[in-house]
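Residue numbers begin at 1 in each chain, while the letters A, B, ... track the order of the sequences. Both backbone and side-chain heavy atoms feed into the values below; hydrogens, waters and symmetry mates do not.
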Protein chains: 2
Amino acid sequence: MRRMTARPANAHQARLLRLLRDGGPTSRAQLGDRMDLSRSRLAVEVDRLLDTGLVIADGLAASRGGRRSHNIRLSPALRFLGVDIGATSVDVAVTNAELEVLGHLTQPMDVREGPVAVFEQVLAMAAKLRASGPAEGFDGAGIGVPGPVRFPEGVPVAPPIMPGWDGFPVREALSQELGCPVMVDNDVNLMAMGEQQAGVARSAKDFLCVKIGTGIGCGIVVGGEVYRGTTGSAGDIGHIQAEPDGRPCACGNRGCLEAYFGGAALARDAEAAVREGRSAELAARLEAAGRLAATDVAAAAAAGDAAALDLIREGGTRTGQVLASLVSFFNPGLVVIGGGVTGLGHTLLAAIRTQVYRQSLPLATGNLPIVLGELGPVAGVTGAARLISDHLFSPA
Amino acid sequence: MRRMTARPANAHQARLLRLLRDGGPTSRAQLGDRMDLSRSRLAVEVDRLLDTGLVIADGLAASRGGRRSHNIRLSPALRFLGVDIGATSVDVAVTNAELEVLGHLTQPMDVREGPVAVFEQVLAMAAKLRASGPAEGFDGAGIGVPGPVRFPEGVPVAPPIMPGWDGFPVREALSQELGCPVMVDNDVNLMAMGEQQAGVARSAKDFLCVKIGTGIGCGIVVGGEVYRGTTGSAGDIGHIQAEPDGRPCACGNRGCLEAYFGGAALARDAEAAVREGRSAELAARLEAAGRLAATDVAAAAAAGDAAALDLIREGGTRTGQVLASLVSFFNPGLVVIGGGVTGLGHTLLAAIRTQVYRQSLPLATGNLPIVLGELGPVAGVTGAARLISDHLFSPA
DNA sequence: AGACTTTCTCCTGTGGCAGGACAAAGCCCA
DNA sequence: TGGGCTTTGTCCTGCCACAGGAGAAAGTCT
């Protein structure tokens, strides 16, 4: 058991750890500058961190015209586990303390099988990753689930697409199994944290991160911190009404955004297009696979299929309509589009942009980038690792 | 010149001042408990504040079974000025350091006359209030304007209904005239702060405050702090699309919420109802005044006029539709409805509630109170005083 | 009148903290 | 190769933040 149990003893140490996490190896002098702390004071805190083993001094940096500095860095032995549970698949990854992904596994899965079955699979994947690396255990784990979470307790609440998970003590159960601290959050929030940590949102303070996968959700970041709302359901935009008296939705209402777009709706619409004889391309794929998925639509669109392109454009337009309202309301500095459908690429992005730029207030859109996430499937697991490291790298 | 120039020297002092502002006179012992600071340490900071004159010790509190405590309180000589500029009227008020309104004036006004004319009027009103009280000057002033503000500089940016104000250095100009620190914010944000300070939102951390006056706006409070967005236009929900391809709006788009509701639209619709012979009640009022305002609709509705009630219901429904999306997105713990149209009362509230409770996610609405603001016209000026006091009662 | 409570002040020891002095270790240039 | 300059890191000193205890002051209750 080489697992680290030490925690920062004060705010200075916590900040030091985060600086080292996000900035890599750094000299004492630089740390002092960035923390706005005297060198003497800083040296004391660094020494204490060195004593705990959370941090090590290794090697000398190149000279900058004077004495060479010692590199202070986070212990290379630290390992975080990031788990991203989707509706139909799981991602599990190991990172070092700098949140770089050292190993990553993706497997199909069905959340509806319930927490016990899912965790069995997750733990097997984690064990495989652990075996392939030098780690003998994890120092912390972050986990994302596709539904609202009561964050302080780490418990899913009333998750629509996860029957059997309601009230399941995810945090406690996983912490027991893994023998390390665990934090639980909504998968969309983790994607936002991932893109903020290592993706397109690195310098953004207030931004939205729209995840279009099986369903549609939106991570909200305010002042660099994820905003979760009063009951943990903030950002749940899939059931915002996109069409008055529109299509019936699984949630019981009518006209919800998710009834028109997202992986599930897209596959349904694609199959309908085949039935109506509107797409030979999609028909061939349906023939081959027996059913269609969002990826089929993406492939057909890439091949120039008109029906597929129309589906994407219509979905993007609907999403853009909802997003336009949210942009006017929230006035973000950046909008990131991510999730499984990023394969739909530029067609989707163009449709969303058109709608948002047309409908939102000019002041809110004047300098608003709307971009695709750049981390893909790594966003969620990176965000998960960031979640637990934020927790561990905070004052005890 | 008895004006206070002292400022808190550290975070402890700043917190002390806010505790005294919000909690009234308090003993040293209680302050120590609430600040989680030792009595000895606290005594030092209190003594320093006493030296500055920001705080005084007057009188003894009733005994609680032992030695009687000294009441520590904010200097009763402190005076804040709160200014709330609307589209068609100004509110100016003086408060003490506890943000209690000591004097309050309302006058009709037209923002479109530009900042110079408006400030002349505001300064005259301030002078009148100053003359009626013991104050010889103001220790700070907060001012709200009906449009987006670049908050750090205190300058309106691209305000649609305030031509001539764009880029005008409101903060600097007013600070010069009044000879005291000034802070500027959007009027809706100030209403939210007012309701949080002394109204229905006293215990709320994350809430929305919808102001329906001439236009429609929404104050967003996250973790007890007003969220202003990247360019200061957050909460500008008047131009969210409520109806695809709907009525043309002054902003150039179609179907905006403000094209259907708010004081201007309501008056227009009421006059249309008269032309179509749908309301004798409103016709009589139009006859008498030459034109109709939102208050006429409120009065007609109170008298049971069916057309007026329909107008309110329809406006409330439309507002509720938009709000339903925002509630799903933001998951607030409270929604406050305020502004000029609160006179529309329960009919409006019922229409909004119906729509939100029907359309938003159950998890987001499960325990969500939607209530009318309780401060009325005092909300804005109280929020303005709160704004400047927050600024002054923060570490120098 | 005496016991008990609460409030407030004073004292002392510990530790946070900045800044200067100084040593160590490098660079550059003659 | 040596001297001047720069950067880094350590040590020392003095100031202030802070907690907790002792004790005085001012009450209540029996």
Side-chain angles (χ1 to χ4, degrees), chain A residues 6-20 23-52 54-74 393-396, chain B residues 6-20 23-52 54-74 393-396:
Chain A
R7 287 281 294 275
N10 59 38
H12 287 322
Q13 293 186 12
R15 238 184 107 211
L16 273 170
L17 293 173
R18 294 190 192 200
L19 273 176
L20 292 171
T26 316
S27 73
R28 287 178 174 87
Q30 283 176 317
L31 288 171
D33 291 347
R34 289 188 201 162
M35 302 248 312
D36 202 33
L37 215 59
S38 69
R39 276 164 306 165
S40 48
R41 191 73 205 75
L42 184 108
V44 174
E45 297 297 350
V46 169
D47 285 346
R48 288 179 194 169
L49 282 176
L50 287 170
D51 285 343
T52 67
L54 278 174
V55 145
I56 62 164
D58 75 329
L60 295 170
S63 166
R64 299 196 307 137
R67 172 176 173 176
R68 294 168 64 190
S69 60
H70 295 269
N71 271 335
I72 307 294
R73 61 162 49 179
L74 291 169
F393 294 172
S394 63
Chain B
R7 289 280 293 276
N10 58 38
H12 288 321
Q13 294 186 12
R15 237 184 107 211
L16 272 169
L17 293 174
R18 294 191 192 198
L19 273 176
L20 292 171
T26 315
S27 72
R28 287 178 174 85
Q30 284 175 318
L31 288 172
D33 291 346
R34 290 187 200 164
M35 301 247 312
D36 201 31
L37 215 60
S38 70
R39 277 162 306 164
S40 49
R41 191 71 205 78
L42 184 108
V44 174
E45 297 298 349
V46 169
D47 284 347
R48 287 178 194 171
L49 282 177
L50 287 170
D51 286 342
T52 67
L54 279 173
V55 144
I56 63 163
D58 74 330
L60 296 170
S63 166
R64 300 198 302 137
R67 173 175 172 178
R68 294 169 66 192
S69 60
H70 294 271
N71 271 334
I72 307 296
R73 60 161 51 177
L74 290 170
F393 295 170
S394 62

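Taking for each of N71(B) and D36(A) the nucleotide of DNA chain C with the nearest heavy atom, the 5'-most of the two is the partner of N71(B).
By the side-chain hydrogen bond (donor to acceptor under 3.5 Å, both in side chains) test, R18(B) is found to be paired with no residue, residues two or more places apart in sequence or in another chain being considered. Residues passing the side chain to side chain contact (heavy atoms under 4.5 Å, CB included) test with L60(B), sequence neighbours excluded: R68(B), H70(B). In this structure, the salt bridge (Lys or Arg N to Asp or Glu O under 4.0 Å) partners of D58(A), at least two apart in sequence or on a different chain, are R73(A). Remark: N71(A) pairs with no residue by the side-chain hydrogen bond (donor to acceptor under 3.5 Å, both in side chains) rule, at least two apart or across chains. Applying the side chain to side chain contact (heavy atoms under 4.5 Å, CB included) criterion to S40(A), with sequence neighbours excluded, gives S38(A). With sequence neighbours excluded, the residues satisfying side chain to side chain contact (heavy atoms under 4.5 Å, CB included) with R7(A) are H391(A), L392(A), S394(A), A396(A). By the side chain to side chain contact (heavy atoms under 4.5 Å, CB included) test, A14(A) pairs with P8(A), P395(A), sequence neighbours left out. Partners of N10(B) under the side-chain hydrogen bond (donor to acceptor under 3.5 Å, both in side chains) rule, at least two apart in sequence or in another chain, are E45(B).
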Which pairs of donor and acceptor atoms, one on a side chain in residues 28-37 of chain A, lie under 3.5 Å apart (sequence neighbours left out)?
| unit_1 | atom_1 | unit_2 | atom_2 | d |
| --- | --- | --- | --- | --- |
| Q30(A) | OE1 | S27(A) | N | 3.4 |

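Put simply, CZ on R39(A) is 10 Å from C1' on dT10(D), counting in whole angstrom units. Rounded to whole Å, the distance from CG on D47(B) to P on dA17(D) is 13 Å. Per the geometry, NE2 belonging to H70(A) stands 6 Å off P belonging to dG9(D), to the nearest Å.
Heavy-atom distances under 4.0 Å link DNA chain C to no residue of residues 25-35 of chain A. Across residues 57-68 of chain B, S63(B), G65(B), G66(B), R67(B), R68(B) each have a non-hydrogen atom less than 4.0 Å from an atom of DNA chain D (numbered order).
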Contact list (N/O, under 3.5 angstrom) for nucleotides 14-17 of chain C vs protein:
| unit_1 | atom_1 | unit_2 | atom_2 | d |
| --- | --- | --- | --- | --- |
| dG16(C) | OP2 | R48(A) | NH2 | 3.2 |
| dG16(C) | O5' | R41(A) | NH2 | 3.4 |
| dC17(C) | OP1 | H12(A) | NE2 | 3.2 |
| dC17(C) | OP2 | H12(A) | NE2 | 3.1 |
| dC17(C) | OP2 | R41(A) | NE | 3.0 |

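Panel note: side chain S63(A), backbone A61(A); no donor-acceptor pair is recorded below 3.5 Å.
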